[in-house]
Structure formats: structure tokens, C-alpha cells
Amino acid sequence: MSVLLKNISTLLTLQGAAAKGGRHVKEEDLGVHSDQSLLIEKDKIAWVGPTKKLPRELAKKKTLREINMKGKTVLPGLVESHTHLVFAGDRAAEFEMRNQGVSYQEIAARGGGILSTMRNTRKASLADLAKSAQERADNFVAQGVTTLEVKSGYGLSLKDEVKMLQAAQKVTGPRTLNTFLGAHALPPEFKTYEAYLDFLASDVLPVIKKKKLATRVDVFIEKGFFPPEASEKYLRQAQAMGFEVLVHADQLSLSGGSDVAVRIGALSGDHLLQVTDSEIRKLANSETTCMLLPAADLYMKCKYPPARQMIDAGSRVALATDFNPGSSPTQDVNLVGLLARLEMKMSLPEVIAAYTVGAAHALKLHKEVGSLEFGKSADIMCIESDWRTLFYNVGKTEKKLVFSRGRKIFDSLK
Ligand code: NIG
Ligand code: FE
């Protein structure tokens with residue numbers, strides 16, 4: 001069955017932003033057009049253009065269902081490209097401790113932090129993890145998210161990392177993409193980061209590969225967490241096995257993560273708030289996407305990443321929630337975009353491109369998602385208000401109609 005979104009009042013294609021690879025995005029790159037129509041056939045965009053140019057034979061098809069989009073704004077579905085969606089328990093007590101002056105690293109050194117979520121996640125069943133992951137995914141979808149990245153990293157053993165990734169694979173609705181983050185913290189069973197990374201490379205990655213549980217491998221490079229040299233060796237081993245790689249880099253200190261990311265051709269360097277001019281230049285001259293996560297910076301009371309310098313130097317940036325129970329316990333994509341506008345001097349067109357084209361690049365899905373063009377996946381968000389009200393009023397529940405791969409996954413427009 002085909003679906004025709006007819007008489008769309010305002011369509012944002014993001015075609016220009018996609019053509020520029022998400023770099024130096026200006027308002028004209030959003031491709032804002034009025035009185036448009038868009039045809040969905042199976043999972044793809046089969047036609048898009050001015051309603052008055054809609055070919056007759058398309059409009060007359062028997063199997064066609066028409067939806068009148070008069071008064072509506074249509075744009076690419078959002079790509080939420082950095083989440084720790086699967087976990088059990090919460091860290092609300094630690095949040096209070098941090099507010100009373102105990103640092104994230106101190107809490108981690110006392111066995112809290114990631115290891116406290118690890119204990120809860122190890123105890124949880126696959127079914128329980130899948131259930132909470134689905135509820136959280138639904139929450140993203142209600143905000144217009146059609147592609148969702150999900151990391152493991154709270155199991156930290158073969159069995160429990162597999163369980164987390166299997167839970168993520170059970171999520172239905174949006175397109176999901178799994179990332180293996182076994183190298184998130186040192187589990188109690190290991191004495192050194194090097195020994196643990198060797199174990200991950202020899203005993204865990206082959207299983208992840210064989211069972212097709214993830215296509216990407218991530219490491220938390222940070223003082224007090226994984227050191228850059230051993231992490232680089234591990235990521236190169238992952239690349240040799242056919243995984244894409246990415247890095248949690250330069251979040252709490254300038255600890256070498258973004259340099260590793262650029263050197264090995266990582267898809268993204270994530271966080272990056274501590275980088276200096278030298279790292280900014282290297283990132284801008286690379287294919288590595290700068291993954292900026294300002295909600296984590298808000299919760300961690302850190303500075304924000306130098307987005308303005310990154311963008312002006314020619315970097316491609318993506319924005320995401322970093323949703324996790326510790327450093328960013330929020331799923332609010334509006335808040336992320338708002339912080340980027342208020343605190344990182346990003347323009348609204350830059351924010352919209354970062355949450356679509358930029359994020360699609362970070363996931364290497366830019367040929368399929370991020371812009372609305374003939375032949376691309378029908379991943380679409382339809383809203384009632386003007387696009388200029390996006391990433392503006394936090395807390396407002398916008399009515400929406402959302403398609404992922406041509407299937408309606410959310411509808412509150414009716
Ligand atoms: O992206 N930085 C490392 N990982 C997460 C935090 C995870 C946690 O605290 O549970 C992050 O901020
Ligand atoms: Fe993260």
C-alpha cells in the first residue's frame with residue numbers, strides 16, 4: 001500500500017545539508033518549500049515535489065491512501081544517535097551526592113556510577129530489560145525519532161553484554177542500531193584495563209560479530225577509565241574484525257580520545273567538550289563527526305563543547321541526548337536542541353541539520369536517512385506548527401505523525 005502525504009503546507013527536505021555532508025549548514029540548506037506532496041511506496045520515498053506537479057498516474061493509483069497535510073510541516077524523522085537505552089535501576093541518589101559536591105569520578109572510584117548500574121543490569125532479566133527499553137524507545141518516537149542508536153556497557157561480562165544487546169534488538173518501532181560498549185568501565189573481575197580490553201577483543205567481540213548483535217564498537221577513553229593507547233589497539237582490532245568504531249572522547253578531561261578517534265577514522269568522537277584548537281582543527285579536517293551531548297554537560301555541570309568553532313572550522317556535528325541513568329538521565333531531544341541554541345551558539349538550521357543529516361552520518365546511515373529525497377527511506381515526522389518553533393519550548397508535547405521505513409509508528413495528529 002502506498003501513502004501520499006498531499007498538500008503539505010511546509011516541507012523541509014534537508015537536501016542541501018545532505019549534499020554538503022552536514023558541514024557549513026545555512027538556512028537555505030534546509031530546503032524549505034511550500035505546497036508539496038510526498039509519496040511513500042513500501043519503505044521508500046517514491047516521489048517528492050510541488051503538489052501541482054504530482055504526476056496524474058501516481059495520484060490515481062488504486063492502492064493509494066491519501067493523507068491531507070494542509071497546515072502541517074513535514075521534515076525528516078530525528079536521528080537519536082547516542083543513547084544508553086538499556087539499563088536497570090536509576091542513580092537518583094548519586095545525582096543528589098553530585099549536587100552536594102562529590103565528583104562523578106569519586107563516585108565511580110567508590111564503586112558507584114557505571115558499576116552501580118552494572119550490578120542492577122546484571123540482576124535484570126532479558127525480558128525486563130527489553131520491556132523498559134521499549135518504553136524508552138516509545139518515548140523517543142513520540143518526539144519524532146525514527147532512528148535510534150543503542151549502546152551496551154552496563155553488563156561488562158560476555159553474558160550480560162549479550163543480554164543487553166539482545167534486549168535492544170527486541171525494540172520495535174524506530175530503526176535501531178546497536179553499539180557494543182563493553183569498554184565502558186573496568187568490571188570487578190579484572191585488575192587492569194589492558195587485561196579487560198584483551199578479553200573483550202579475544203572472547204567477546206567474536207561472539208558479538210557471530211551473533212550479529214552490534215556493528216559498532218565504542219570505548220570510554222578518560223582519566224580513571226580506559227587509557228588512549230590500549231583503547232586504540234583495541235579499536236584497531238575491532239576494525240580488523242569489520243566493526244565501525246567510535247569513541248567517548250575528552251568529556252571530563254583532555255585525555256586523548258578525540259586524537260585517537262581522528263587517527264583511526266572513527267565515525268564519531270562523542271562529548272568533546274574539553275578539546276582545544278588543535279583537536280578542533282584535526283576533527284574539522286576528518287570524516288569523524290563531532291557528537292555533541294549538551295544534556296550530559298548540563299547534568300554534569302560542565303562547560304559546553306565549542307560547537308561554534310567546530311562548525312566554523314568545517315566540522316560536521318551531530319546532537320544527541322546521551323540518555324543514561326548517570327550523566328544524562330533525560331530523553332528530551334527538545335532540551336538538547338535548546339541547550340545547543342542557548343549555550344553553544346548554534347543556529348536553529350544547524351541544530352535541525354545536526355539532529356538529522358549530521359546524526360545520520362555519525363551512524364553511517366546518511367545514504368538512507370536524514371533528508372527527504374527520492375529513493376531515501378521514508379523516515380518522516382509531521383507536525384502542526386511552524387519549523388521555527390522546533391527546539392524552543394521544552395516540555396510542550398507537540399502533536400505528531402511519524403513514519404519509520406514507510407510504516408506509521410506514531411500518530412497523535414488525528
Ligand atoms: O556518555 N561517559 C561515559 N558514559 C556515559 C555515562 C554513563 C553513566 O554514567 O552511566 C556518558 O556520559
Ligand atoms: Fe554516552
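This one's a predicted model, so the numbers in the text were calculated from it and none came from an experiment.
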K163/D160 ion pair, N-O < 4.0 Å: yes
Do you know which two heavy atoms are closest between [X] and [Y], and how far apart they sit?
X: R91; Y: P325; answer: CB-O, 3.4 Å
X: K170; Y: L126; answer: CE-CD2, 4.0 Å
X: V219; Y: L235; answer: CG2-CD2, 3.4 Å
X: S2; Y: K61; answer: OG-NZ, 3.7 Å
X: G257; Y: V247; answer: O-CG1, 3.9 Å
X: K345; Y: R308; answer: O-NH1, 2.9 Å

Quick one: [atom1] on [X] to [atom2] on [Y], what's the gap to the nearest 0.5 Å?
X: L165; Y: K211; atom1: CG; atom2: NZ; answer: 11.5 Å
X: F323; Y: E149; atom1: CZ; atom2: CD; answer: 13.0 Å
X: D322; Y: D270; atom1: CG; atom2: CG; answer: 8.0 Å
X: L372; Y: T13; atom1: CG; atom2: OG1; answer: 7.0 Å
X: L401; Y: F403; atom1: CG; atom2: CZ; answer: 4.5 Å
X: L12; Y: M381; atom1: CG; atom2: CE; answer: 9.5 Å

Charged tip of R136 within 45° of F87 ring normal and under 6.0 Å: yes
For residues 287-294, tabulate all N or O donor-acceptor pairs below 3.5 Å that involve a side-chain atom, not counting sequence neighbours.
from : atom 1 : to   : atom 2 : distance (Å)
E287 : OE1    : R316 : NH2    : 3.3
T288 : OG1    : A266 : O      : 2.8
T289 : OG1    : R316 : NE     : 2.9

With a 4.5 Å limit on heavy-atom distance, are the side chains of [X] and [Y] in contact?
X: K282; Y: R263; answer: no
X: K44; Y: E41; answer: no
X: S255; Y: F225; answer: no
X: L319; Y: V351; answer: yes
X: Y196; Y: L156; answer: yes
X: N139; Y: Q143; answer: yes
X: K70; Y: K6; answer: no
X: L5; Y: C382; answer: yes

Step-by-step side chain to side chain contact (heavy atoms under 4.5 Å, CB included) determination, L390 to I383: CA-CA 10 Å; L390 291 166; I383 54 175; 3.8 Å; yes
Chi angles and distances behind the side chain to side chain contact (heavy atoms under 4.5 Å, CB included) call for L54, W47: CA-CA 8 Å; L54 184 69; W47 193 88; 3.5 Å; yes
Worked verdict on E135 versus S132 for side-chain hydrogen bond (donor to acceptor under 3.5 Å, both in side chains): CA-CA 5 Å; E135 283 164 12; S132 55; over 6 Å; no
Under a 3.5 Å distance rule, please check whether [X] uses its side chain to pair with a backbone N or O of [Y] as donor and acceptor.
X: S231; Y: P227; value: yes
X: E161; Y: G155; value: yes
X: Y193; Y: G224; value: yes
X: H184; Y: G153; value: yes
X: T121; Y: A88; value: yes
X: E384; Y: G71; value: no
X: Q169; Y: K212; value: yes
X: R98; Y: G326; value: yes

For Q15, side-chain hydrogen bond (donor to acceptor under 3.5 Å, both in side chains) partners two or more places apart: none
K364, NZ: over 12 other non-hydrogen atoms inside 6.0 angstrom: no
Residues, nucleotides or ligands: over 12 heavy atoms within 6.0 Å of K20 NZ: yes
Matching residue for F140 among T146, T147, T321, D332 - test: side chain to side chain contact (heavy atoms under 4.5 Å, CB included): T321
H248 and H84 aromatic ring geometry - parallel, tilted or perpendicular at 30°/60° bounds: tilted
Verdict with supporting geometry, H366 and V357, side chain to side chain contact (heavy atoms under 4.5 Å, CB included): CA-CA 7 Å; H366 51 285; V357 172; 5.9 Å; no
Salt bridge (charged side-chain N to carboxylate O under 4.0 Å, His left out) evaluation trace for E232 with R236: CA-CA 6 Å; E232 181 168 345; R236 287 191 190 279; 2.9 Å; yes
Exercise: do E368 and S377 side chains pair donor with acceptor under 3.5 Å: no
Listed pairs under 3.5 Å, donor-acceptor, residues 30-40 side chains, sequence neighbours left out:
from : atom 1 : to  : atom 2 : distance (Å)
Q36  : NE2    : S34 : O      : 3.0
S37  : OG     : N7  : N      : 3.3
S37  : OG     : T51 : OG1    : 3.0

Steps toward salt bridge (charged side-chain N to carboxylate O under 4.0 Å, His left out) verdict (R23, D29): CA-CA 10 Å; R23 299 178 199 263; D29 301 316; over 6 Å; no
Test log, rule side chain to side chain contact (heavy atoms under 4.5 Å, CB included), inputs M310 and L272: CA-CA 10 Å; M310 289 169 168; L272 303 177; 3.8 Å; yes
Passing candidate, side chain to side chain donor-acceptor pair (under 3.5 Å) with T179, options K151, H82, E244, R216: R216
Salt bridge (Lys or Arg N to Asp or Glu O under 4.0 Å) partner of D379, chosen from R405, K408, R407, R175: R175
side-chain hydrogen bond (donor to acceptor under 3.5 Å, both in side chains) evaluation trace for E80 with Y355: CA-CA 7 Å; E80 173 55 48; Y355 239 120; 2.6 Å; yes
